[in-house]
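Inspection log for the structure reproduced underneath, given as C-alpha cells.
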Amino acid sequence: MLDLGVLVSGSGTNLQAILDAVAERRLDARVHVVVSNKPGVPALDRAERAGVPAVVVPHRDFSSREEFDRKLVEVLRAAGVKLVVLAGFMRVLTPVFLQAFAGRVINIHPSLLPAFPGVGAQGQALAHGVKVTGCTVHYVDAGVDTGPIIAQRAVPVLDGDTVESLTARLLEQEHALMVEALNRIATESA
Ligand code: GAR
C-alpha cells in the first residue's frame with residue numbers, strides 16, 4: 001500500500017481523482033494528509049469531505065524557501081507519509097525537501113515534458129501552435145519539471161481552443177494518468 005501525502009495549491013481535482021480511486025479500490029493507497037500553501041482553496045474541502053487531515057502551511061509565514069520546506073517535511077513525516085504527490089502545488093521545492101524524500105516525490109504537469117515546463121503550460125502550447133500536447137507524471141528532481149518520466153498521455157489541441165478549453169481537456173486525462181502512475185509505482189514497489 002502506498003502511504004501518500006498530497007501537496008496542493010488550488011482546486012484539487014487531481015487530489016479528488018486519487019481520493020476517488022482509493023475509495024473505489026482502484027488504487028491500493030492511503031492519503032495520510034493533504035497540505036496546502038494557500039488557505040481557503042477547494043482542495044482542502046475535498047480532503048475534509050474524504051476524512052483526510054487537511055493542513056495549511058502558508059509559505060508567506062516563512063522567511064525562506066528552506067524554512068517553509070522544513071515545515072512541510074515535518075508535517076508529512078509526522079503523518080507517516082512515504083510518497084509525496086505534487087497535485088497542482090505551485091511552489092518549487094528546495095534540496096531541503098528533496099533530500100528528505102529522495103526519489104519519493106512525484107509531480108503532475110499539463111504538457112508532454114520536456115516541452116513547456118514551468119507555469120502556463122497550456123498557454124505555451126497554444127502560443128507555439130502545437131497540434132498535440134498532453135500531460136506528464138514524473139519524479140521530481142532539483143530542476144523545474146525535469147525529473148524521470150513515469151507516464152504520459154497525449155491530448156489533441158483543437159482549432160479554436162482557449163486556455164480554458166484546453167485545460168479542461170487536459171485535466172480529464174490528468175486524472176486518469178495520475179491514478180495510472182500511482183498504480184505503476186505501487187506495482188513496482190510491491
Ligand atoms: C493541473 O493542471 C496540474 O497539472 C497543474 O496545475 C493543475 C492543478 O489542478 N500543475 C502545474 O502546472 C505544475 N507546474 P488541480 O488543482 O485541479 O489538480
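Start at 1 and go down the list; that is how both ligands and their atoms are numbered.
- Smallest separation of non-hydrogen atoms from I108 and A87: CG2-CA, 4.2 Å.
- Surrounding CZ of R26 are more than 12 heavy atoms belonging to other residues, nucleotides or ligands, all under 6.0 Å away.
- Within 4.0 Å of ligand 1, contacts by protein heavy atoms are made from S11, G12, T13, N14, G88, M90, I108, H109, P110, L171, E174.
- For the residue pair I149 and L113, the shortest heavy atom distance occurs at CD1-O, 3.7 Å.
- The closest side-chain heavy-atom distance from V56 to V35 is not below 4.5 Å.
- When every heavy atom of Y139 is checked against every heavy atom of G103, the shortest pair comes out as CE2-O, 3.6 Å.
- Of the N and O atoms on the side chains of T94 and E66, not one donor lies less than 3.5 Å from an acceptor on the other residue.
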